[in-house]
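In this text, all values refer to a predicted model and were calculated from it rather than measured experimentally.
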Amino acid sequence: MKLYSLSIHHKGATKANLLKSAYDLSSFSFFQRSSVQEFMTFTSALIVERTSQGTRASVKEQEYLCHVYVRNDNLSAVVIADTEYPQRVCFTLLDKVLEEFSRQVDSIDWPSGNPETINYKALDIHLSKYQNPREADAMTKVQAELDETKIILHNTMESLLERGEKLDDLVAKSEHLGNQSKAFYKTARKQNSCCEVM
């Protein structure tokens with residue numbers, strides 16, 4: 001999972017104005033990086049220009065997914081990620097960045113600003129932090145922990161049976177199971193084993 005680009009734009013009447021951008025192109029060769037960055041800048045602006053106000057969208061371009069959010073006030077953001085990166089986390093990032101940017105940069109500067117004149121330094125930090133969606137996004141982190149717990153519980157049950165102990169022996173020795181429960185288990189076991197043979 002990888003994020004490559006994060007950019008903030010102002011959607012004008014005919015074109016998108018780039019306000020700030022950040023890139024992580026370390027997975028590309030040194031000689032490809034400037035071309036890839038130009039392509040991502042062009043693609044991000046084009047997507048903002050073609051997206052309606054108040055819209056969130058995801059656009060596939062080759063092996064990349066471009067996620068865009070154009071707010072009703074025309075402040076927009078685009079994140080370019082690989083196809084494995086969780087879409088929900090991308091939109092969480094876009095919401096967060098646009099909210100923070102709109103608090104720090106006066107809206108009067110949006111139509112005419114550019115990356116040199118806009119004073120907003122957090123874009124690189126957000127791009128770096130969100131490289132690992134589990135660390136950046138609480139919901140993803142919780143889901144990963146739940147998945148890990150399921151695997152641990154599953155492995156624990158398997159390891160109990162791998163020690164040479166049979167479930168039949170554990171049931172027979174159990175002090176917590178009454179005679180009726182033990183009899184039920186034995187009957188169910190016999191019926192299941194008879195069906196397995198067929």
Cluster link V78 to M40, ILVMFWY, side chain under 4.5 Å: yes
Parallel, tilted or perpendicular: rings of F28 and Y4 (30°, 60°): tilted
Nearest-0.5 Å distance that lies between atom CD in Q104 and atom CD1 in I118: 11.5 Å
Pairs involving residues 74-84, ordered by first then second residue, that meet side-chain hydrogen bond (donor to acceptor under 3.5 Å, both in side chains) (sequence neighbours left out): Q53-N74
V105 with V48, same ILVMFWY side-chain cluster at under 4.5 Å: no
Enclosure of R33 CZ (heavy-atom neighbours >12, cutoff 6.0 Å): yes
Set of salt bridge (Lys or Arg N to Asp or Glu O under 4.0 Å) partners for D73, sequence neighbours left out: R71
Check: T43 and V59 side chains under 4.5 Å, non-hydrogen atoms: no
Gap separating the CD atom of E99 from the CG atom of L75, nearest 0.5 angstrom: 9.5 Å
Closest contact, heavy atoms only, V79 versus L94: N-CD2, 3.8 Å
Short side-chain donor-acceptor distance under 3.5 Å, K121 and N119: yes
Residue from F39, Y64, Y23 passing side chain to side chain contact (heavy atoms under 4.5 Å, CB included) with I80: Y64
From CG (L46) to OG1 (T41), nearest 0.5 Å: 12.5 Å
Closest approach of Y85 to C90 (non-hydrogen atoms, all atoms of both residues): CD2-SG, 3.3 Å
Atom pair CZ/OH of R103 and Y120 - distance to nearest 0.5 Å: 8.5 Å
Heavy-atom closest pair, residues A122 and E100: CB-OE2, 3.2 Å
From CA spacing to verdict: side-chain contact (heavy atoms from CB on, under 4.5 Å), L65, Q87: CA-CA 9 Å; L65 268 176; Q87 183 177 0; over 6 Å; no
From D24 atom CG to K2 atom NZ, the distance as rounded to the nearest 0.5 Å: 3.0 Å
Verify same cluster id: Y130, M1 (apolar side-chain graph, 4.5 Å): yes
Non-neighbouring partners of R56 that pass salt bridge (Lys or Arg N to Asp or Glu O under 4.0 Å), sequence neighbours left out: D95
Shared hydrophobic cluster for L19 and L127 (ILVMFWY, side-chain gaps under 4.5 Å): yes
Neighbour count >12 (heavy atoms, 6.0 Å) for atom NZ, K15: no
W110 side chain vs S102 backbone, donor-acceptor pair below 3.5 Å: no
Same apolar cluster (I L V M F W Y, side chains within < 4.5 Å links), F91/L3: yes
Minimum heavy-atom distance between S7 and L123, given as atom pair plus value: CA-CD2, 4.4 Å
Under 3.5 Å donor-acceptor, T117 side chain and G113 backbone: no
Under 3.5 Å: donor-acceptor pair, side chain of N17, backbone of P111: yes
Sub-4.5 Å side-chain heavy-atom contact between I8 and V97: yes
Value rounded to 0.5 Å, distance of OG in S128 from CG in L6: 11.5 Å
Side-chain donor or acceptor of K11 paired with backbone N/O of A16 under 3.5 Å: no
